[in-house]
Amino acid sequence: MVRQVTVNGSRHEIDLPDDVPLLWVLRDALGLTGTKYGCGVAACGACTVHIDGQAVRSCQVALADVWGPVTTIEGLGQPGALHALQQAWIDHQVAQCGYCQSGQIMQAADLLAVNPVPSDAEIDAAMAGNLCRCGTYPRIRAAVHAAARAVQEG
Amino acid sequence: MPHWGKIARRSFLIGATAVAGGVAFGVWQYRRDLPNPLEPGEDEVALNPWVIIDQKGVTLIAARAEMGQGVYTTLPALLAEELDVAWDQIRVIHGPAAQAYYNAGLMSHALPTTDYDRTAWQEMMVEAMSILPKMIGLQVTGGSTSTLDAYDKLRQAGATAREVLKQAAAQRLGVAAGALETRDGRVIAPGGVELSYQDLAEDAARITPPRNLELRPAAQWKYLGRAMPRLDMLDKVTGAAQFGIDVRLPGMMFATVRMNPHLGGAMNGFDASAALAMPGVERVIDLGNGIAVVATNTWLAMRAAEAVEIDWGAAPYPATSAAMLDVIRAALDDPPNSTLRDDGDIASATSPDDTVIEAQYSVPWLAHATMEPMSAAAHHTGERLEIWTGSQAPGFAEEAAAKAVGLDPEQVRCHVTYLGGGFGRRGESDFVVLAARIAAALQGTPVQVTWSREEDMRHDFYRPAAVARMKGILRDGRAVGLDGQVAAPSVTRQSMARMTGNPPPGPDKGHVEGMFNQPYAIPNYRVRGHLADLDVPIGFWRSVGNSFNGFFMESFIDEMAIAAGRDPLAFRLELAEAEHAPSAGVLRAVAEMSGWDAPRAPGTAMGVAMTHSFHTPTAVVIEVALRDGAIALTRAWMACDVGTALDPAIIEAQMVGGLVYGLSAAMMEEISFENGAVVQGNFTDYDALRQHQMPTVAVRILETSGHIGGVGEPGTPPAAPALANAVFAMTGQRIRDLPLNTHLRFVG
Ligand code: FES
Ligand code: FES
């Protein structure tokens, strides 16, 4: 049946089976390819988006179960109006291949929303589900701290 | 023999040729071996253009194997240093756009022909597979002995262009060229007359370029040696960066493949009726040794692919990894393929009072597990085939795709997207060929072909399992003898056979690198390589042979130090000091950084390792701690000597990335076979180091070696032995078989 989802503030009619994961709705039906497929089994975090402001693995949420408005990396911030995390990611030159980074940033955004000044251990705990095969972890950690500071300082 | 000394640079000539509206500068390439390379005949050379100055301004042509972000930063910086234009004003084109400037002669030169000796071929493959082409494009296997050095080449091209432009201006203005200056893309004459490069470009094409200009010293550099902002960053933090998996075209279908998990086996038959009845499924395509499902959505295609009933043929190799390991172990007793180092006389080196130790090691098969699974988009229109993918070797991919669908290579175009990790995997063409075949079956309809993670992990070109047998002779606390034997299937032979149809004869250097060529002054030092015959698909994996030999060698050097009653770092330093100063330098650096000689922090231990690979000696110290019986990696220090650091921030990132890749494999990665198929299928059973397991890392970059060294790979080989040595220091347990987590527990 046709279902409606709201993604980055726009409403879409989706004509796909109910069990298609949100990840593949975003990528293939809506062409929002910033959200990545890495494992399909909640083991890598590459597909992380927000539903109702909360980080979820979009590979695990069926179309029929999307319970609120969805924000993807494209909706988090855009050139000219970057989210503090995106700016910190640029300042710290975090990305290597870049494939995992949408998920990393969306996960970190959830962390900062609930814990505006996280410690190293809190960053580790929040980010443990996000794999980076390129090994950008130290810069990710530094960038999360920098974004937290930037938000605090307004 | 060891080759960490000075690297001789072949001389090369910068030439110029007229192009529409301007002039192109580049390197003359010889079409064949010439009796006198300095005076080639008219038709014997082709210009390989690097720089074009025309009415559009300055354009840099990037070589095809050097795609990626570095293309947009470091390469323009090299040119800008000499040409006196702002680096961000230089337009960079590569891939298909650049192809227009390549003549056919040059392309055939770049293909595997007999004019390449095996070593050159290996170097080229290593370059093609390297993680770095997508990261920086230049400092890859930078100081390559067998190819012209891009680092000098581009600066020479810039200097040549600058001088030619000055001469063109001198002629037009009637002044001496020596009186002219260059700045910001203009030639400036006394009295303030200024001529833009564009304006002079056509005149410049008529001037014979000067040769062998003096290049500016590093002290005068404006861009090189500094951390430059990477221009791909914005795209990568906003989700705009397009990877192969992200290509979307109007009317596109979504497909996935399911190939025989018994690698190399046939398909006896299949029944797709259940799959074809599933929602969104359009077609099931017979690929001979597997199937493709085409659907309206990737996930629907993946689910339907699982529903196809398939009768698979058997694999041409033993059914289990245990049986494979027996084959590899047995090869140690076969006559060696190589004895690339045989210093002194190991057979008669032992005296009665010597301490002699022996040990055997093994490492498992490994997958690349790039973050982006294999993927490619393709559109076959009948006359043309367009492909979009993150290939590390697009030229080979085009050739292979053309052959697979019966087109000429000129009818096939491979557009290179961002790569979601390569590590050597994307130098292969299998995923491109499958996409091409599916697109041919769907003629007229563009298709995105995405592999599931499971398909990716179970259809890799694996890092081979390998074993070593090591013997060390110690006298009065010093190493007097080292005898190493390595056995594994040969990556070089298999890769080359795959690409050219002919496995190369002779000694396989890649097989023993990281063991035979280490900068240690051991008077009796022999290394033999043995090739095991196994038909498992294998390929280049970050740092190639160094990835296993680094572990064997540096674990055993540690054992020798302990047996000699010596400090492991001081023991290495003594051996390196007598052989290669830069290698000693990186050891000294990590000793200082880590406080190696100070008492250890309570409850911690450290391990050290050093590997000289890709012309960059790299030392690592890792600190571990015991937490509730589990090992935690707390801190790490790395030092590398890259000769000249073109971009320190990129080097640091690559070193850390190499370390993480090596640590992940050492701690927890293993591909095993059961019933002829790979067991592991996802990050649930083939995991990698994660944020909470990551030690802090400090990197020091040294610049004494005298040549440009690689940075993408040298961080990987010392990772595993440094950690295993730290574990030994902590627990007294010497682990000789990877991965480490089959013997102990890590915090996780
Ligand atoms: S793709 Fe969803 S967690 Fe990996
Ligand atoms: S940047 Fe490549 S996987 Fe994280």
Side-chain angles (χ1 to χ4, degrees), chain A residues 16-17 19-21 23-25 27-29 31-41 43-44 46 72-74 76-79 82-83 85-87 89-90 93-102 105 121 123-141, chain B residues 131 134-135 227 229-230 232-243 245-248 254 279-280 296-300 302 369-373 418-423 448 450 452-453 649-650 653-654 656-661 664 682-684 687-694 696-697:
Chain A
L16 278 171
D19 55 354
V20 173
L23 169 65
W24 297 106
V25 174
R27 290 183 52 79
D28 293 0
L32 289 168
T33 55
T35 305
K36 303 302 188 202
Y37 165 66
C39 69
V41 296
C44 78
T72 69
I73 186 73
E74 292 93 344
L76 187 73
Q78 279 293 314
L82 293 175
H83 186 281
L85 281 162
Q86 291 169 314
Q87 186 59 51
W89 246 245
I90 293 173
Q93 301 274 294
V94 172
Q96 289 193 32
C97 85
Y99 193 78
C100 73
Q101 300 295 344
S102 301
I105 291 170
I123 294 174
D124 284 358
M127 304 299 291
N130 289 75
L131 259 190
C132 175
R133 286 292 278 161
C134 298
T136 63
Y137 302 122
R139 290 187 186 188
I140 287 175
R141 191 191 272 181
Chain B
I131 172 138
K134 71 188 190 305
M135 296 301 164
R230 288 214 348 234
D232 57 315
M233 243 2 124
L234 181 63
D235 279 355
K236 289 182 177 174
V237 304
T238 52
Q242 194 177 56
F243 295 83
I245 203 169
D246 298 330
V247 175
R248 296 290 178 272
F254 298 91
T296 54
N297 183 288
T298 305
W299 187 78
L300 295 173
M302 285 181 184
T370 59
M371 205 67 223
E372 176 194 17
Y418 282 115
L419 291 74
F423 315 125
Q448 164 65 240
T450 302
S452 69
R453 170 59 59 195
I650 290 180
Q654 286 296 307
V656 175
L659 179 78
V660 172
Y661 206 68
S664 295
N682 210 318
F683 295 122
T684 43
D687 206 354
L689 192 74
R690 291 167 180 268
Q691 182 73 266
H692 64 292
Q693 299 164 307
M694 180 72 195
T696 61
V697 192

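Here is how names work: the chains are called A, B, and so on, in the same order as the sequence lines, proteins then strands, and each is numbered from 1.
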- Which atoms of B:Ala241 come close to chain A, meaning under 4.5 Å heavy atom to heavy atom: side chain ones, backbone ones, both, or neither? backbone
- Message: Quick check on B:Ser664 against chain A: is it the side chain, the backbone, both or neither that has a heavy atom closer than 4.5 Å?
- Response: side chain
- Query: In terms of heavy-atom proximity below 4.5 Å to chain A, should B:Val660 be classed as side chain, backbone, both, or neither?
  - Reply: side chain
- Message: Quick check for you: among B:Phe254, B:Phe683, B:Trp299, B:Tyr661, which has the greatest number of heavy-atom pairs under 4.5 Å with chain A?
- Response: B:Trp299
- Message: For B:Ala369, which atoms come within 4.5 Å of any heavy atom of chain A: side chain, backbone, both, or neither?
- Response: both
- Honestly, the part of B:Thr696 sitting under 4.5 Å from a heavy atom of chain A is side chain
- Note on the structure: Hits for salt bridge (charged side-chain N to carboxylate O under 4.0 Å, His left out) against A:Arg141, two or more places apart or cross-chain, chain-then-number order -> A:Asp120, A:Asp124
- Item | Which portion of A:Leu23 sits near chain B, non-hydrogen atoms under 4.5 angstrom | neither
- Between B:Ile245 and chain A, which part of the residue has a heavy atom less than 4.5 Å away: side chain, backbone, both or neither? both
- Atom group of A:Leu32 that falls short of 4.5 Å from chain B, counting heavy atoms: neither
- Can you measure from CG (B:Asp687) to CG (B:Asn682) and round to the nearest 0.5 angstrom? 9.5 Å
- Measuring heavy-atom distances to chain B, does A:Asp19 have an atom under 4.5 Å in its side chain, in its backbone, in both, or in neither? both
- Message: Once ring pair (Phe, Tyr, Trp, His ring centres under 6.0 Å) is applied, do any residues pair with B:Phe243, and if so which ones, sequence neighbours excluded?
- Response: A:Tyr99, B:Tyr418
- Query: In terms of heavy-atom pairs under 4.5 Å, which option from B:Gln693, B:Gln448, B:Met302 contacts chain A the most?
  - Reply: B:Met302
- Heavy-atom pair count under 4.5 Å with chain A, highest-scoring of B:Arg453, B:Met371, B:Gln242: B:Met371
